[in-house]
Asker: 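First the structure, which I've put down as structure tokens, then a few questions once you've had a look.
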Amino acid sequence: MSRTTTQKATGHVGEAIAANFLESLGYRIVDRNVRFPVGELDLVAWHCGTLVFVEVKTRRKQGATSAVDAVHTAKQRRLIRAADLYLSKTGLSPAETRFDVVIIEGIGEETTCTLVSRAFEDFR
């Protein structure tokens, strides 16, 4: 299996774990893997009246390179553009939006989930 195939499989597993984790915290998942030319939104959810765009970062091993560092400034800009396109496409105009990151570590071992709420400045 190629490295890209393995990474995609790990990402899909991580997104499923993240969705379950968020639902246990009261989030209502409304969309998954929404693709635009500028980027992909892993999860879109409602939480306490706020529309949340969630980036999921999955690491097979705990202590691997920092997952949150992977959401660098350029990635943030792509996510903001994708979120703006999502709002245009759906016609939604929520009073509040935000960007959260869920970090999944230890797939296949002792899995941990970490939520970073308001991971970076939103655009509204």
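Computed from a prediction, not measured in an experiment: that's the story for all the values here. Along the sequence shown, the residues carry numbers beginning at 1.
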Asker: Is there a donor-acceptor pair under 3.5 Å between the side chain of Asp42 and the backbone N or O of Val56?
Answerer: yes
Asker: Can you check whether Ile104 reaches Lys57 side chain to side chain, under 4.5 Å on heavy atoms?
Answerer: no
Asker: The test is side chain to side chain contact (heavy atoms under 4.5 Å, CB included); show your working for Val54 and Leu22 and say whether it passes.
Answerer: CA-CA 10 Å; Val54 183; Leu22 291 171; 3.9 Å; yes
Asker: State, to 0.1 Å, how close Ala19 and Arg32 come at their nearest heavy-atom pair, and which atoms those are.
Answerer: CB-NH2, 3.4 Å
Asker: Over 60° means perpendicular and under 30° means parallel, so classify the ring planes of Tyr86 and Phe36, tilted if in between.
Answerer: perpendicular
Asker: Which pair of non-hydrogen atoms, one from Phe21 and one from Val102, has the smallest distance, and what is that distance?
Answerer: CD2-CG1, 4.1 Å
Asker: Nearest heavy-atom pair of Ala18 and Leu43: which atoms, and what distance?
Answerer: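 The pair with the smallest heavy-atom distance is CB-CD1, 4.1 Å.
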Asker: Does the pair Glu105/Arg59 count as a salt bridge with the N-to-O cut at 4.0 Å?
Answerer: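 Salt bridge between Glu105 and Arg59, a charged N being under 4.0 Å from a carboxylate O: no.
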Asker: For the residue pair Gly39 and Ala82, what are the closest heavy atoms and their distance?
Answerer: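 Here Gly39 and Ala82 meet closest at O-CB, 4.1 Å.
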Asker: Are Phe99 and Leu79 close enough that some pair of their side-chain heavy atoms sits under 4.5 Å apart?
Answerer: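 A side-chain contact exists here, since the closest heavy-atom pair is under 4.5 Å.
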Asker: Give the intermediate values and the outcome of side chain to side chain contact (heavy atoms under 4.5 Å, CB included) for residues Val13 and Glu15.
Answerer: CA-CA 5 Å; Val13 169; Glu15 288 168 8; over 6 Å; no
Asker: Between atom CD of Glu23 and atom CZ of Arg28, what is the distance when rounded to the nearest 0.5 Å?
Answerer: 10.5 Å
Asker: Would a 4.5 Å heavy-atom cut-off, applied to side chains only, mark Leu25 and Leu115 as touching?
Answerer: yes
Asker: What is the distance from atom CG of Leu51 to atom CG of Asp31, rounded to the nearest 0.5 Å?
Answerer: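 Leu51 CG to Asp31 CG: 9.5 Å, rounded to 0.5 Å.
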Asker: With a 4.0 Å cut-off on N to O distance, would you call Glu96 and Arg98 a salt bridge?
Answerer: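 Salt bridge: no.
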Asker: Consider side chain to side chain contact (heavy atoms under 4.5 Å, CB included). Of Asn33, Leu85, Val34, which one does Leu41 pass it with?
Answerer: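 The passing option is Val34.
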Asker: Are Glu55 and Lys75 close enough for a salt bridge, meaning some N to O gap below 4.0 Å?
Answerer: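 Judged by the 4.0 Å cut-off on N to carboxylate O distance, Glu55 and Lys75 do form a salt bridge.
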Asker: Side chains of Thr111 and Ile17, heavy atoms from C-beta outward: is any pair under 4.5 Å?
Answerer: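 Side-chain contact under 4.5 Å: yes.
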Asker: Looking only at heavy atoms, what is the nearest atom pair of Ile29 and Ala45, with distance?
Answerer: CD1-CB, 3.8 Å
Asker: Mark yes or no for whether Asp100, through its side chain, and Arg118, through its backbone, hold a donor-acceptor pair below 3.5 Å.
Answerer: yes
Asker: Shortest non-hydrogen contact from Val101 to Ala119?
Answerer: CG2-CB, 3.5 Å
Asker: Going by heavy atoms in the side chains, are Pro94 and Leu87 under 4.5 Å from each other?
Answerer: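 Yes, their side chains come closer than 4.5 Å.
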Asker: Please check if the side chain of Thr50 supplies one atom and the backbone of Trp46 the other of a donor-acceptor pair under 3.5 Å.
Answerer: no
Asker: Would you say the side chain of Phe120 lies within less than 4.5 Å of the side chain of Ile80, judging by non-hydrogen atoms?
Answerer: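 In contact.
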